[in-house]
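Just so it is clear, the model here is predicted, and its values are computed rather than measured. Throughout, a chain's letter reflects where its sequence line sits, starting with A, and its residues are numbered from 1.
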Amino acid sequence: MVQRKTMRAGDQPWVKATLIGAAVALTVLMLVMPLVIIFTQAFSGGLQTYLGNLTDSFTLRAIGLTLFVAALTVPINLVFGVFLAWLVTRFEFPGRKALITLIDIPFAVSPVVAGLLYLLLYGSNGWLGSWLADRDVQLMFSWPGIVMVTVFVTCPFVARELIPLMQQQGREEEEAGVVLGASGWQLFRRVTLPNIQWALLYGVVLTNARAVGEFGAVSVVSGNIRGETNTLALHVELLYQDYNVVGAFASASLLAGIALITIVVKSFVEWRQARQRAPLNDQTENR
Amino acid sequence: MNQSPSGLLPGRSSQPGKRVLPGFALSLGVSLFFISIVLILPVTGLIVQTAGMGWAEYWAVITDERVVASYKVTLWAAALASIINGVVGLLLAWVLVRYEFPGKRLMDALVDLPFALPTAVAGITLTALFAPDGWYGQLFALLGIKVAFTPLGIIVAMSFTSLPFVVRTVQPVLEDFAPEDEEAAVSLGASDWTVFRRILFPAMWPALMTGVALSFTRSLGEFGAVIFIAGNMPYVSEIISLMIFVRLQEFDHAAASAIASVVLLASLILLLGINLWQARYLRRLQGR
């Protein structure tokens, strides 16, 4: 970083102080206080009640189902995201831009609509669902349906993290690898992966955070069967509507914990990437 | 700016159209298979379902009085929420890029909280804060304003969940902004406001618009955070996603899909518009 002595807009002390003050106040009011209230509510009945709420058998079942759904969703979207990012950043072909727009659909679509799409297709009245029902396969209102909509909702995250980075890095290093005789897998593992590992990690963490916390889409296809198709996010709603607010916030505190881990990982990944780029920036500044 | 080194090297490689790298067929196959199964097939299902309805019935369902009221509430709340986010997001992005102060990195990290926090958790948390007996609700009650369980609550929930968009789109533009014009203007005696209006804002506004549009799109579809705080009164504080949900619980799949088709179409048009806008704006940046 070069220290600048010249003045820029907003450098006068009183402007600076006002703007920083306003930003800090807004951050505290809009982002810090919500976190504070989650944990104060969760612990408002004391530690014993908190632990009691979390070890309640329905809560434990909900935690188990949630982890199971995430454990299936994340690897599926990891593989898809890497293949898609490789495809659109390493090759030119007609329809490439359309493909990049297509994978943004889950970001734009309301989660309730997402759930409905799957319910219509695979529900017992749907055209695939009725065929499956004849063969005694039920996907909706049971865990496969939850996994399917969660895959839909979280499929852009890994690809979205990888595409800009891989675009920026270019394909020269991999092409050099091909010239040196590397196989496809060697190329990916030895050349590509070290370059994208941190972005990939963040993509996975984001996918996981959303998979664990998805609410709208899951509530359409789950049927909310307590102890069976109740994920943690649905469990929060259920407890809240039973007027068990402290219990709802106890479950919510687990989800908030995952959100906090996600944020920490993101900061770490950005720090690593800034360090990776640092030598490059020095070069360009010296030119 | 950001010119790829391939243009500088005497390269045989990287010629467009020539595929040197392996895995084209495999990655194309995997991607197309996945996209067809996960994205395109379910969307087709919705089209088939709605095509089965007669036009008159379709029209009656999507122009039902209660449904129209929910379009209005959702559009108004999303518009106001994204305008609020435009102002707040611009402020946060500015402070994070331009100034150094203790806690800055923490603030930068916290901006992502609304994306990381599950929407249902955001919903019960905001309700607890803004309910009449909550920390914020009590203050608003002194002013005679009710936030939770009114359309105001919908705006609060929508602005919370889509807050990061504007910050994260404006931030990189501000970071890359070349200081020469600005320094020249300041040294010639232009006021902060003039510099902001004449130099900074024209450079930032495409990114700002993108952020606001993303925030609006997200707000239109927001469900989890809103339903807890909205109170969900028919004709007053029911959002459009909730209407779909209500129709589903009445086992009226046809009506649910008709309303969903309207929402889906609106969000696809918005998505396409944002992408075209970004493509145009990015080309302009690179063309400098």
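- Using a 4.5 Å cut-off between heavy atoms, B:Leu129 touches chain A through backbone and side chain atoms alike.
- The contact between A:Val220 and chain B is made by backbone and side chain atoms together, counting heavy-atom distances below 4.5 Å.
- Between B:Leu39 and A:Pro106, the closest side-chain pair of non-hydrogen atoms falls below 4.5 Å.
- Atom CG of B:Asp108 is separated from atom CD1 of A:Ile263 by 10.5 Å, given to the nearest 0.5 angstrom.
- The OG1 atom of B:Thr44 sits 8.0 Å away from the CG atom of A:Leu121 when rounded to the nearest 0.5 Å.
- Most heavy-atom pairs under 4.5 Å with chain B, from the set A:Ile261, A:Ile76, A:Val82, A:Leu35: that is A:Leu35.
- Taking every heavy atom of both residues into account, A:Phe152 and B:Val38 meet most closely at CD1-O, 3.3 Å.
- Using a 4.5 Å cut-off between heavy atoms, B:Ile199 makes no contact with chain A at all.
- Heavy atoms from other residues, nucleotides or ligands lying under 6.0 Å from CZ of B:Arg197 number more than 12.
- Most heavy-atom pairs under 4.5 Å with chain A: of the set B:Ile240, B:Leu242, B:Leu46, B:Leu96, this distinction falls to B:Leu46.
- In this structure, chain A has a heavy atom under 4.5 Å from the side chain of B:Trp94, while its backbone stays farther away.
- Both the backbone and the side chain of B:Phe24 have a heavy atom closer than 4.5 Å to some heavy atom of chain A.
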Checklist entry - Where do B:Leu32 and A:Leu99 land on the side chain to side chain contact (heavy atoms under 4.5 Å, CB included) test, with the steps shown first? => result CA-CA 9 Å; B:Leu32 286 184; A:Leu99 214 55; 4.1 Å; yes
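- Of the atoms belonging to B:Ile274, not a single heavy atom falls under 4.5 Å from chain A.
- Within the 4.5 Å cutoff, the side chain of A:Ile37 has no heavy atoms near those of the B:Tyr136 side chain.
- Contacts between B:Val156 and chain A at a heavy-atom distance below 4.5 Å are absent for every atom of the residue.
- When the shell of 6.0 Å around CZ of A:Arg96 is examined, it contains more than 12 heavy atoms from other residues, nucleotides or ligands.
- Comparing B:Ala128, B:Ser261, B:Gly134, B:Ala266 by how many heavy-atom pairs each has under 4.5 Å with chain A, the most go to B:Ala128.
- Looking at B:Val195, only its side chain comes within 4.5 Å of chain A, counting heavy atoms on both sides.
- Note: A:Ile20 leads A:Leu187, A:Thr101, A:Ile20, A:Val236 in heavy-atom pairs under 4.5 Å with chain B.
- Most heavy-atom pairs under 4.5 Å with chain B: of the set A:Leu29, A:Val149, A:Leu102, A:Val205, this distinction falls to A:Leu29.
- Applying side-chain contact (heavy atoms from CB on, under 4.5 Å) to B:Val95 and the options A:Leu26, A:Leu19, A:Thr27 leaves one that passes, A:Leu19.
- For A:Asn77, the part lying near chain B is the side chain, with the backbone staying farther off; criterion is any non-hydrogen pair under 4.5 Å.
- Using a 4.5 Å cut-off between heavy atoms, B:Leu200 contacts chain A through its side chain alone, with no backbone atom that close.
- Of the listed residues (B:Val263, B:Ile35, B:Leu26), the greatest number of heavy-atom pairs within a distance under 4.5 Å of chain A belongs to B:Ile35.
- Of all heavy-atom pairs spanning A:Tyr122 and B:Leu41, the tightest one is OH-CD2, 3.9 Å.
- Between B:Ile227 and A:Glu237 the shortest side-chain heavy-atom distance falls below 4.5 Å.
- Most heavy-atom pairs under 4.5 Å with chain A: of the set B:Thr127, B:Thr217, B:Leu163, B:Leu91, this distinction falls to B:Leu91.
- The shortest heavy-atom contact between B:Asp192 and A:Gly10 is OD2-N, 3.1 Å.
- A donor-acceptor pair under 3.5 Å is absent between the side-chain atoms of B:Glu183 and the main chain of A:Arg8, judged by distance alone.
- At a 4.5 Å heavy-atom cutoff, B:Phe33 makes no contact with chain A through either its backbone or its side chain.
- Only the side chain of B:Phe160 comes within less than 4.5 Å of a heavy atom in chain A; its backbone stays farther off.
- Of all the heavy atoms in A:Val112 and B:Ser241, the pair that sits closest is CG1-O, 3.7 Å.
- Ranked by heavy-atom pairs under 4.5 Å with chain B, the list A:Thr262, A:Leu120, A:Leu128 is led by A:Leu120.
- Shown are A:Val79, A:Val151, A:Ile103, A:Leu84; of these, the side-chain contact (heavy atoms from CB on, under 4.5 Å) with B:Phe34 is made only by A:Val151.
- For B:Arg218, no part sits under 4.5 Å from any heavy atom of chain A, backbone or side chain.
- For the pair B:Trp135/A:Val36, a side-chain contact is recorded, criterion being any heavy-atom separation below 4.5 Å from C-beta on.
- Ranking A:Glu214, A:Met33, A:Gln41 against chain B, the residue ahead of the rest is A:Met33, based on heavy-atom pairs under 4.5 Å.
- Atom CG of B:Leu271 is separated from atom CD1 of A:Ile105 by 7.0 Å, given to the nearest 0.5 angstrom.
- When heavy atoms are compared at a cutoff of 4.5 Å, A:Lys16 approaches chain B by way of both its backbone and its side chain.
- For the set B:Gln49, B:Glu222, B:His253, B:Arg98, the entry with the most heavy-atom pairs within less than 4.5 Å of chain A is B:Arg98.
- Within a 6.0 Å radius of CD in A:Gln186, other residues, nucleotides and ligands contribute more than 12 heavy atoms.
- Here the closest non-hydrogen pair linking A:Trp86 and B:Ser27 is CD1-OG, 3.8 Å.
- Closest non-hydrogen pair, A:Ala108 versus B:Ser267, comes out as O-CB, 3.3 Å.
- Residue B:Leu248 touches chain A through its side chain alone, counting heavy-atom pairs closer than 4.5 Å.
- Proximity to chain B (any heavy atom under 4.5 Å) is restricted, for A:Val32, to the side chain, taken from C-beta onward.
- When the heavy atoms of residues 109-121 of chain B are compared with those of chain A, the residues falling under 4.5 Å are B:Ala109, B:Leu110, B:Val111, B:Asp112, B:Leu113, B:Pro114, B:Ala116, B:Leu117, B:Pro118, B:Thr119, B:Ala120, B:Val121, listed by number.
- The most heavy-atom pairs under 4.5 Å with chain B, out of A:Phe80, A:Phe93, A:Phe215, come from A:Phe80.
- When heavy atoms are compared at a cutoff of 4.5 Å, A:Thr40 approaches chain B solely by way of its side chain, counted from C-beta outward.
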